[in-house]
Protein chains: 2
Amino acid sequence: MGAQDGRRVTSVDVAKRAGVSQSAVSRAFSRTASIAPATREKILRAAAELDYRPNRIPAIMLSGRSGMVGVVVGGLSNPFYASALEHLVCSLRDQGLQVLLVHVDDALTLDSALEQLLGYRIDAVVTALAIGSEVVAQALGTLRIPVICFNSRLTGPWISTVSSNNRAAGVTAAHLLRERGVACPAWLAGPLRNAASVARGEGFREGLGALAAGLVSLQGDDTYESGYEAVSTMLARGVRPDGMFCSNDMMACGAIDALRDRAGLCCPRDVVLLGYDNIPQGAWRAYDLTTFDQGVERLVGAACALLAEALADGAEPVSQSLVIGAELLERGSTGPV
Amino acid sequence: MGAQDGRRVTSVDVAKRAGVSQSAVSRAFSRTASIAPATREKILRAAAELDYRPNRIPAIMLSGRSGMVGVVVGGLSNPFYASALEHLVCSLRDQGLQVLLVHVDDALTLDSALEQLLGYRIDAVVTALAIGSEVVAQALGTLRIPVICFNSRLTGPWISTVSSNNRAAGVTAAHLLRERGVACPAWLAGPLRNAASVARGEGFREGLGALAAGLVSLQGDDTYESGYEAVSTMLARGVRPDGMFCSNDMMACGAIDALRDRAGLCCPRDVVLLGYDNIPQGAWRAYDLTTFDQGVERLVGAACALLAEALADGAEPVSQSLVIGAELLERGSTGPV
DNA sequence: TTGTAGGCGTTATCAA
DNA sequence: TTGATAACGCCTACAA
């Protein structure tokens, strides 16, 4: 049945079999068009017999809208981003949008990737990149389609952002350490290009008040290894903080392991420590990590809401910023209350 | 510049500005067509001025090929799959293929997801699903486009598979435990629908030889929590193996934590333990997990090779099976040599 | 409610 | 090397 000759089954084939016009077939598969139930029935039967599947491509040509959203990801090795992607894909599907996925390492890849995507007439771009923001804003701004960024500082007429309240969380982290009687705090930063990390650091410093004077600042790159390295180096220099805020959970796990390995230090007994993101591994018994939960669902939900607005018929270029409050999730690494 | 009136810039606009025919514009952007360098130059300049980007959609209509591959993923929360996806996206891009990503929870979602994808005229499907294979094979088999599966038992005229040598790895795991003098081995299985897990278990049992008689079999579902639970329950029943093979690293991490938490048991001192997948977390100091490395690059590379073959012009329905050898990666959890 | 006809933006074919 | 023209498969007026 169907395309014996290799050719794909088209609406014309179905029309022929059902003894109707091609436009009738189109109507049978349309939500809005009016068609007699009996005719529709007949057509659907013929379509099923031929194993016909409507082709969306011509509709894209006519409408100029593909129903596809370009999703640009960087570090999928961070479970937080993997989870965000998973939620995003599901939410977009529920909005009837498909995801055209691109992985990007640097600004160059980004440019060529976007070029590719644009050929497919994607309706929008969603991204959680942490590449040099200047370059990215430049590249994204010229697309003339809506762009939604996570935890970014990018701005532009087509660019909207969704962020968690990084600065406030930093303050909260500082207050928690002070409550726990921390005297010598440390801050483990993510890469400087990561706007969220910078904001967390600023909030932390602010919340520390007088304690900020003696703040030990370490630099990581958001990976477990960098957290392990940074803390190992610090310990080797004889620096021993009793409280620590890590810009993300991956580094926090590395920090905990380095403290244990290199100096026999335990959390929270010797160091009160917390991270950010609430990745599943933080909940693993070996870490039992206090952290900030960004609420991936809310974050993604907000992004999709912005997207829906930006894609609404006749919408002007939208540029909004939404801030989602991150919630402190206390576990063992900051000790009992 | 460009579409002041909101309309998108087309090749006709560029042609007008460059003072050439529309076909000339098409040629200027084509790799194969022949065109005078001067003409090409002139056209590209006009295109740049208008910010023109070729539209791939009409080409899809003409050729029937979209250059898009549907990628169906399940558990992105397993870092192994996240990593595989990352590699896959990059490799496909290098082949000039785009990724249309779909997340699927159950067979129902799969059906509707595939229906969606087919509307976009995807050229092939790549998947690492571990859903009931009957249903999936049914759904995938009727697509009439190439399907590449990871670690699956699916078969059919259009279906190819890439697997790691699960059975052989199971045997190797058993031999390692025997070398270490294990007397009471345990096996922590993944879900039954996971063909890879079943094969690993069979190989393990085979490799154990006489020891298989006393094998302790535990059931998990490939998550950390299930590993933790299964081992906790086992310990509560007073069962204390001295060697353990876990069907994947996530469960292995859970097992290690349960052994430590619930019975103060350490690896490798009290239990010689190994997993499968080589996820980054297994290398974290808290686990230091011996495991089998599937070689994501090789796995993905093989899949892409199969795909290229299946998509070659005039290719018949391809059905191949490739097996990639997994390599034992010894770390601390199986002890020093 | 139904059929006819035009067009979406390219690529491919053919003639010049 | 170029330009005109016919597809590709569907949607959407418009007419019946």
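Every chain is numbered from 1, with letters handed out A, B, ... down the list of sequences.
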Exercise. Given atom CD of B:E41 and atom P of D:dT1, what is their separation to the nearest angstrom?
Worked result: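 In whole Å, D:dT1 P and B:E41 CD are 16 Å from each other.
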Problem set entry | Separation of atom CE in B:M61 from atom C1' in D:dA6, rounded to whole Å |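 Taking CE of B:M61 and C1' of D:dA6, I get 13 Å after rounding.
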When rounded to the nearest 0.5 angstrom, what is the spacing between [atom1] in [X] and [atom2] in [Y]?
X: A:L62; Y: B:I57; atom1: CG; atom2: CD1; value: 11.5 Å
X: B:I159; Y: B:I145; atom1: CD1; atom2: CD1; value: 11.0 Å
X: B:R93; Y: A:H103; atom1: CZ; atom2: NE2; value: 8.5 Å

Exercise. side-chain hydrogen bond (donor to acceptor under 3.5 Å, both in side chains) between A:Q320 and A:S160: does it pass, once the steps are laid out?
Worked result: CA-CA 5 Å; A:Q320 289 193 42; A:S160 294; 6.0 Å; no
Problem set entry | Closest heavy-atom pair and its distance - B:S319, B:P157 |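 Looking at all heavy atoms of both residues, the closest pair is CB-O, 3.8 Å.
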Exercise. Which two nucleotides bound the region of DNA chain C that has atoms under 4.0 Å from heavy atoms of chain B, read 5' to 3'?
Worked result: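 Listed 5' to 3', the contact boundaries are C:dG9 to C:dT13.
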For this session: Apply side-chain hydrogen bond (donor to acceptor under 3.5 Å, both in side chains) to A:S152 and A:T161, showing your working.
Result: CA-CA 7 Å; A:S152 150; A:T161 61; over 6 Å; no
Problem set entry | Protein proximity profile, nucleotides 10-16 of chain D - base contact B, sugar-phosphate-only contact S, no contact -, cut-off 4.0 Å on heavy atoms | BBBB---
Exercise. Is the closest side-chain heavy-atom distance between A:V9 and A:D51 below 4.5 Å?
Worked result: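 No, side chains not in contact.
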For this session: Name all residues meeting the salt bridge (Lys or Arg N to Asp or Glu O under 4.0 Å) criterion together with A:R56; count only those two or more places apart in sequence or in a different chain, and write none if there are none.
Result: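 Scan of A:R56 (salt bridge (Lys or Arg N to Asp or Glu O under 4.0 Å), adjacent residues dropped) gives none.
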Exercise. What is the nucleic acid contact for A:T39, judged by heavy atoms within less than 4.0 Å: base, sugar-phosphate only, or nothing?
Worked result: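 The residue A:T39 makes sugar-phosphate contact but no base contact.
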